[in-house]
S.K.: 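Please see the structure below; I have some questions.
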Amino acid sequence: MSFDLSHYNTLGLSAVANAGHIITDEKSLRKILLRSDYSSQATWILGGGSNVILGPKIDGQVLLIKTRGVSFVPGNKGNDLVLLTISAGENWHQLVRYTVAQGLYGLENLALIPGSVGAAPVQNIGAYGVEISDLLHSVRAMHIQSGEIERFDNERCGFAYRDSVFKRVGSPWIILDVTLGLSTTPHFEVSYPDVAEELKKRGTTQVSGAKLLQSVISVRRRKMPDVRDIGNAGSFFKNPLLDNSKMQDTLTQIPDMPVYPHGQKFKVSAARLIDVCGMKGTKVGGFEVWQRQPLVLVNRGEGTFEQLMELSEKIQNAVMDRFGIALEREPGLLGSR
Ligand SMILES: Cc1cc2nc3c(=O)[nH]c(=O)nc-3n(C[C@H](O)[C@H](O)[C@H](O)COP(=O)(O)OP(=O)(O)OC[C@H]3O[C@@H](n4cnc5c(N)ncnc54)[C@H](O)[C@@H]3O)c2cc1C
């Protein structure tokens, strides 16, 4: 028995697992997890497949999370807070659209990020100055071995830049649903230059949820390739977080490098580092560093796992040699612990 995953990952990699199951409810998920013949083999979780690198042969079973449902948590939360619980298999961008249409504020900057709601906390998705951790109330998750369900409040999720406890190697948790705390009072994050410029270009004097949403969508359509047209996993590397002295050192080499304070550190642009290394358009087999945004590696056709890894290493080596900065891959490898 085998399960073809080639159409379940946005990089367009060919991959086959020993078995695959489409999960539409918690009961059947638990049943599969506890079934004796399966409990002995490795179990991998897949949402929309937009942030994973699949090896050609995945040893074990893959669970594709397709649960559906959105509900308001009843009761008065005080102030202007509304709690919304969303099943893991819902589409993230559709959720963002839904909340804006409902007059709920908070998610606008996270529009058009591909993938599922259940995967959003895994790498603490973020864009244009907002991360899901800013809005996340709690997560319900099932333990992969016992089938027990536990609730994780925001703190227990261990959020950091593109990271959480769920992204750590060997995490045994399958996220079932996500509860977000959204606001009925408008407050917008419009400080990122791309978004601010787009709002200005549209002549926006009074920002609204719908206007911000449309601006973010326009910026993203310009900047990122559409996974329906060309295989990719969005940003292939995290933006490096540097301490003050390394950031200053990098600025002497690239004086116009965009720098964003991030806690005690400074986030610098991985795209800029790759660009300065002259890597735009570099190809290995079917994979290529995208000309318009060098943080994105695109599959021009029959790109393979090995070619992608080779290109990724080439970029990491170039940036290390020139700047002494280690680029960390953003998408995880599915199929190896
Ligand atoms: C064009 C493009 C643009 C992107 N832009 C952004 C961006 O701006 N910001 C950003 O942060 N990311 C971005 N991404 C990355 C990606 O969209 C997000 O990380 C998204 O949350 C992944 O969702 P998914 O359902 O596709 O996850 P998958 O790729 O299916 O899975 C990602 C990881 O989460 C795990 N996982 C998935 N579902 C669950 C679950 N229910 N429980 C436990 N673990 C689970 C998987 O095992 C895997 O380790 C972009 C990707 C693309 C292709």
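Order of listing sets the numbers, starting from 1, for every ligand and every atom in it. Nothing here was measured: the structure is a model prediction, and the numbers come from that model.
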S.K.: Holding to side-chain contact (heavy atoms from CB on, under 4.5 Å), I want the full list of residues that pass it with Q307, two or more places apart in sequence or in another chain.
M.R.: V284, F287, T304

S.K.: Go through the structure and list residues passing ring-ring contact (aromatic ring centres under 6.0 Å, His included) with Y128, not counting sequence neighbours.
M.R.: none

S.K.: So that I can tick it off, tell me whether K246 and D249 are bridged by a salt bridge, with the cut-off set at under 4.0 angstrom between side-chain N and carboxylate O.
M.R.: yes

S.K.: Are there any N/O pairs under 3.5 Å between ligand 1 and the protein, and if so, what are their distances?
M.R.:
residue  : atom   : partner : partner atom : Å
ligand 1 : 5 (N)  : R220    : NH2          : 2.7
ligand 1 : 8 (O)  : R220    : NH1          : 2.9
ligand 1 : 8 (O)  : R220    : NH2          : 3.3
ligand 1 : 9 (N)  : G126    : O            : 2.8
ligand 1 : 11 (O) : Q123    : NE2          : 3.1
ligand 1 : 11 (O) : G126    : N            : 3.1
ligand 1 : 11 (O) : R162    : NE           : 3.4
ligand 1 : 12 (N) : Q123    : NE2          : 3.1
ligand 1 : 17 (O) : S50     : OG           : 3.0
ligand 1 : 17 (O) : P114    : O            : 2.8
ligand 1 : 19 (O) : N51     : ND2          : 3.2
ligand 1 : 19 (O) : Q123    : NE2          : 3.0
ligand 1 : 25 (O) : G48     : N            : 2.7
ligand 1 : 25 (O) : S116    : N            : 2.8
ligand 1 : 25 (O) : S116    : OG           : 2.6
ligand 1 : 26 (O) : G48     : N            : 3.3
ligand 1 : 26 (O) : G49     : N            : 3.1
ligand 1 : 26 (O) : S50     : N            : 2.8
ligand 1 : 26 (O) : S50     : OG           : 2.6
ligand 1 : 29 (O) : S50     : N            : 3.0
ligand 1 : 29 (O) : N51     : N            : 2.7
ligand 1 : 30 (O) : G47     : N            : 2.7
ligand 1 : 30 (O) : G48     : N            : 3.3
ligand 1 : 30 (O) : G49     : N            : 2.8
ligand 1 : 41 (N) : I175    : O            : 3.1
ligand 1 : 42 (N) : I175    : N            : 2.8
ligand 1 : 47 (O) : I45     : O            : 2.6

S.K.: Looking at R168 and D163, does any basic side-chain N land under 4.0 Å from a carboxylate oxygen?
M.R.: yes

S.K.: Of all the heavy-atom pairs spanning L334 and I45, show the shortest one and how long it is.
M.R.: CD1-O, 3.4 Å

S.K.: Just jot down the ring-ring contact (aromatic ring centres under 6.0 Å, His included) partners of F323, sequence neighbours excluded, or say none.
M.R.: none

